[in-house]
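Down below is the structure, laid out as structure tokens.
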Amino acid sequence: MAKTYKEYTEADKKPVEKNFRAKKILECGIGPEEYNRISTYDTAKEIWEALKIAHEGTTQVKQYKIVMLTIEYELFKMSDDESIQYMHTRFASIINKLHSLGETIPRNKLVRKILSILPRYWESKVNVITESKDI
């Protein structure tokens, strides 16, 4: 049987207040479309789980995204007519997406990958960098 507000003790009020605050924070941080998706949930935990699945997907979806991005990373190439800035932007996009899914690639591995995909006319610069042993 539900209690009236007057029957609540201090110990009863704390979790209710924390849940209320957490719900408000979550609701203020989303747009109208997402609000419609979560407006029927009673607890902050339910809202969080619904948003997590909506944006991240299930564990299987997350693993699939990681596999696809890893393949994209491994097959990444720089075309001859592409600027270094544009190539780096495309590369960083893949790395950032992997990072957001919890997959991190060590910095030295990233540097080696970039050096290995540069076109032939970058060969002299790549040689200088690799000989410096500071990768």
Side-chain angles (χ1 to χ4, degrees):
M1 187 129 194
K3 296 179 183 181
T4 64
Y5 187 76
K6 291 178 182 178
E7 295 173 323
Y8 272 65
T9 65
E10 281 303 313
D12 293 333
K13 289 180 184 177
K14 268 195 174 187
V16 172
E17 289 172 358
K18 283 184 179 181
N19 183 60
F20 178 78
R21 273 188 259 154
K23 276 181 67 175
K24 287 300 165 200
I25 290 169
L26 290 169
E27 290 169 352
C28 289
I30 59 174
E33 286 181 19
E34 291 189 333
Y35 180 79
N36 291 335
R37 181 182 297 143
I38 57 99
S39 63
T40 58
Y41 295 114
D42 294 325
T43 66
K45 183 169 176 43
E46 291 172 328
I47 292 170
W48 182 255
E49 291 301 319
L51 290 171
K52 190 170 146 184
I53 288 172
H55 289 275
E56 211 174 75
T58 62
T59 305
Q60 290 174 325
V61 171
K62 184 177 175 182
Q63 288 301 316
Y64 176 75
K65 287 178 181 178
I66 290 170
V67 167
M68 295 307 294
L69 286 166
T70 302
I71 291 169
E72 193 175 343
Y73 165 81
E74 290 170 357
L75 297 176
F76 189 85
K77 297 277 186 221
M78 178 180 177
S79 57
D80 289 335
D81 61 339
E82 184 176 34
S83 73
I84 194 83
Q85 291 86 2
Y86 185 74
M87 180 275 298
H88 183 267
T89 300
R90 287 190 313 115
F91 189 74
S93 175
I94 295 167
I95 301 310
N96 290 339
K97 287 175 188 174
L98 279 168
H99 187 72
S100 73
L101 293 169
E103 284 292 308
T104 55
I105 300 172
R107 185 173 228 76
N108 61 345
K109 193 174 178 184
L110 296 173
V111 171
R112 285 190 185 105
K113 177 67 176 175
I114 288 178
L115 292 176
S116 71
I117 62 157
L118 290 172
R120 211 158 169 72
Y121 58 85
W122 283 83
E123 190 174 346
S124 62
K125 293 174 180 92
V126 169
N127 290 337
V128 170
I129 292 170
T130 53
E131 288 173 6
S132 73
K133 297 180 185 179
D134 246 351
I135 298 178

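Start at 1 with the first residue, then count along the sequence.
Residues Thr9 and Asp12 have side chains that bring a donor and an acceptor to within less than 3.5 angstrom of each other.
The side-chain heavy atoms of Tyr41 and Lys23, taken from C-beta on, include no pair separated by under 4.5 Å. The closest side-chain heavy-atom distance from Leu110 to Tyr73 is below 4.5 Å. The shortest distance between side-chain heavy atoms of Ile117 and Met87 falls below 4.5 Å. At a threshold of 4.5 Å between non-hydrogen side-chain atoms, the residues Ile30 and Arg37 do not count as touching. Side-chain contact check for Glu82 versus Arg90: some heavy-atom pair is nearer than 4.5 Å. Taking the side chain as every heavy atom from C-beta outward, Leu115 and Val111 approach each other to under 4.5 Å.
The distance from atom CZ of Arg112 to atom CD1 of Ile114, rounded to the nearest 0.5 Å, is 13.0 Å. Expressed to the nearest 0.5 Å, how far CG of Leu26 lies from CD of Glu34 amounts to 11.0 Å. Separating the CD1 atom in Ile95 from the CD1 atom in Ile105 is a distance of 4.0 Å, to the nearest 0.5 Å. Interatomic distance, NZ of Lys65 versus OG1 of Thr70, reported as 13.5 Å (0.5 Å rounding). To the nearest 0.5 Å, atom CE of residue Met68 and atom CD1 of residue Ile71 are 5.5 Å apart. One finds the OG1 atom of Thr104 at 10.5 Å from the NZ atom of Lys109 (value rounded to the nearest 0.5 Å).
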Which donor-acceptor pairs under 3.5 Å do the side chains of residues 46-53 make with protein atoms, sequence neighbours left out?
unit_1 : atom_1 : unit_2 : atom_2 : d
Glu46  : OE1    : Asp42  : N      : 2.9
Glu46  : OE1    : Thr43  : N      : 3.1
Glu46  : OE1    : Thr43  : OG1    : 3.4

**OP:** Verify side-chain contact (heavy atoms from CB on, under 4.5 Å) between Leu118 and Ile84, making sure each step is shown before the conclusion.
**Re:** CA-CA 9 Å; Leu118 290 172; Ile84 194 83; 3.5 Å; yes
**OP:** Go through the steps for Lys24 and Glu27 under the test salt bridge (charged side-chain N to carboxylate O under 4.0 Å, His left out), then give the verdict.
**Re:** CA-CA 5 Å; Lys24 287 300 165 200; Glu27 290 169 352; 3.2 Å; yes
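Judged purely by atom type and a 3.5 angstrom limit, Asn19 has no side-chain atom pairing as donor or acceptor with the backbone of Pro15. Although no hydrogens or angles enter the test, the distance criterion places no donor-acceptor pair under 3.5 Å between the side chain of Glu72 and the main chain of Leu69. When atom types are taken as modelled, the side chain of Thr89 and the backbone of Gln85 share a donor-acceptor pair closer than 3.5 angstrom.
For the pair Lys113 and Phe91, the cation-pi test (distance below 6.0 Å, angle within 45°) is failed.
Pro32 meets the side-chain contact (heavy atoms from CB on, under 4.5 Å) test with no other residue; sequence neighbours excluded. The side chain to side chain donor-acceptor pair (under 3.5 Å) check on Lys13 picks up nothing, with sequence neighbours excluded.
Crowding of Glu33 atom CD: a count of heavy atoms from other residues, nucleotides or ligands under 6.0 Å not exceeding 12.
No continuous path of ILVMFWY side-chain contacts below 4.5 Å connects Val67 to Leu101, so the two sit in separate hydrophobic clusters.
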